[in-house]
Amino acid sequence: MTSQNSDPLDDLDRSILRELESDGRRAFRQIARNVRSSEATVRARVKRMQDLDILRIVAFADPERLGDAQLALVLLRVDPRRHRDVVAALVALPQVTYVSTLMGRADICAEVRSADNHDLWEFLNTKVSAIEGVRDTETITVLSVHKLRYDQGRASSARRPPRIRNLGIRCGAILFGRFR
């Protein structure tokens, strides 16, 4: 295993992660067989990665198939001095399922789940607009999710693999808002 200052993951950790990315409910015994290690080692490695906030095992439901949920991506442009505060405020909102910092025309991307367009509109106008530091937003309604996968991918640098979420968005309804 490498030192804490560089990459906290070694080849065995990455193999365990690939197994869990394939099936988050896979038994440690099966993972151990697949990565040629002991069940106790796999269990300890998974616990360590969870303790380090490297690994979290969750279930994803496709909102389209649930029939009662809408998914939207909200791109936010924020005051650079308030970036961390905006991120913290978004993370605290239960409707927000994903938050990331961006480079480009937007500073932050938030994935939001709502019951319908009305609930989304209310959320944007009562919750997001109230966050100090939000300059403006662009909201993209997700009509259909074609791929949803978190995996390590192949990093160009062995130091830190990218965390990729690929949502193939066929078409989006866009709402623009400016908040002061």
Side-chain angles (χ1 to χ4, degrees), residues 1-76 78 80 82-104 106-114 123 127 131 142 144-169:
M1 195 162 332
T2 59
S3 73
Q4 188 92 10
N5 292 340
S6 61
D7 191 350
L9 302 178
D10 63 13
D11 289 341
L12 179 58
D13 291 326
R14 291 183 196 291
S15 295
I16 293 168
L17 285 174
R18 277 191 294 278
E19 291 289 319
L20 289 170
E21 287 165 349
S22 173
D23 179 359
R25 297 181 64 202
R26 185 167 290 154
F28 289 152
R29 178 179 302 145
Q30 182 62 46
I31 294 171
R33 276 190 218 121
N34 293 351
V35 301
R36 296 189 174 125
S37 185
S38 72
E39 184 177 348
T41 298
V42 168
R43 186 178 311 279
R45 295 289 186 107
V46 168
K47 179 168 180 3
R48 182 182 62 79
M49 288 187 284
Q50 287 174 318
D51 291 345
L52 291 172
D53 288 331
I54 292 170
L55 173 66
R56 183 171 24 171
I57 299 171
V58 297
F60 293 103
D62 185 341
E64 184 179 26
R65 291 185 184 211
L66 293 177
D68 64 348
Q70 177 176 318
L71 199 59
L73 303 176
V74 180
L75 303 175
L76 299 99
V78 302
R82 303 298 308 237
H83 185 273
R84 288 185 181 163
D85 297 333
V86 173
V87 167
L90 290 168
V91 166
L93 296 170
Q95 298 92 334
V96 175
T97 59
Y98 172 84
V99 177
S100 61
T101 296
L102 307 175
M103 282 180 32
D107 302 306
I108 298 171
C109 177
E111 183 181 84
V112 176
R113 188 169 169 186
S114 61
F123 172 77
K127 303 294 185 186
I131 299 172
V142 176
S144 188
V145 177
H146 302 283
K147 181 176 182 178
L148 177 60
R149 179 175 178 174
Y150 283 92
D151 65 17
Q152 295 183 60
R154 289 284 176 207
S156 57
S157 163
R159 190 165 170 259
R160 187 172 183 196
R163 294 180 184 170
I164 299 170
R165 181 171 198 173
N166 182 356
L167 292 177
I169 302 172

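All residue numbers in this chain count up from 1 along the given sequence. All figures in this text were calculated on a predicted structure; none of them were measured in a lab.
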First locate atom [atom1] of [X], then atom [atom2] of [Y], and finally report the distance between them rounded to the nearest 0.5 Å.
{"X": "Ile108", "Y": "Leu102", "atom1": "CD1", "atom2": "CG", "result": "8.0 Å"}
{"X": "Leu73", "Y": "Glu111", "atom1": "CG", "atom2": "CD", "result": "6.0 Å"}
{"X": "Leu90", "Y": "Tyr98", "atom1": "CG", "atom2": "OH", "result": "13.0 Å"}
{"X": "Asp13", "Y": "Leu55", "atom1": "CG", "atom2": "CG", "result": "10.0 Å"}
{"X": "Thr101", "Y": "His83", "atom1": "OG1", "atom2": "NE2", "result": "3.5 Å"}
{"X": "Met49", "Y": "Ile57", "atom1": "CE", "atom2": "CD1", "result": "8.5 Å"}

Quiz prompt | Closest non-hydrogen atom pair, Val35 against Ile16 | solution = CG1-N, 4.2 Å
Quiz item: In terms of heavy-atom contacts, does CZ of Arg29 have more than 12 from other residues, nucleotides or ligands at under 6.0 Å?
Solution: no
Quiz item: For Asp11, does the CG atom have more than 12 heavy-atom neighbours from other residues, nucleotides or ligands under 6.0 Å away?
Solution: no
Quiz item: For the side-chain contact (heavy atoms from CB on, under 4.5 Å) test, which of Gln50, Arg43, Arg48 pairs with Val46?
Solution: Gln50
Exercise. Let me see the working for Gln30 and Asp23 under side-chain contact (heavy atoms from CB on, under 4.5 Å), right down to the final yes or no.
Key: CA-CA 11 Å; Gln30 182 62 46; Asp23 179 359; over 6 Å; no
Quiz item: Do Asp10 and Arg45 sit within salt-bridge range, that is, some charged N less than 4.0 Å from a carboxylate O?
Solution: yes
Exercise. Starting from the C-alpha separation in whole Å, work towards a yes-or-no answer on side-chain contact (heavy atoms from CB on, under 4.5 Å) for Arg26 and Asn34.
Key: CA-CA 11 Å; Arg26 185 167 290 154; Asn34 293 351; 4.3 Å; yes
Quiz prompt | Audit row: Arg82, Ile131, side-chain contact (heavy atoms from CB on, under 4.5 Å) steps and yes/no | solution = CA-CA 10 Å; Arg82 303 298 308 237; Ile131 299 172; over 6 Å; no
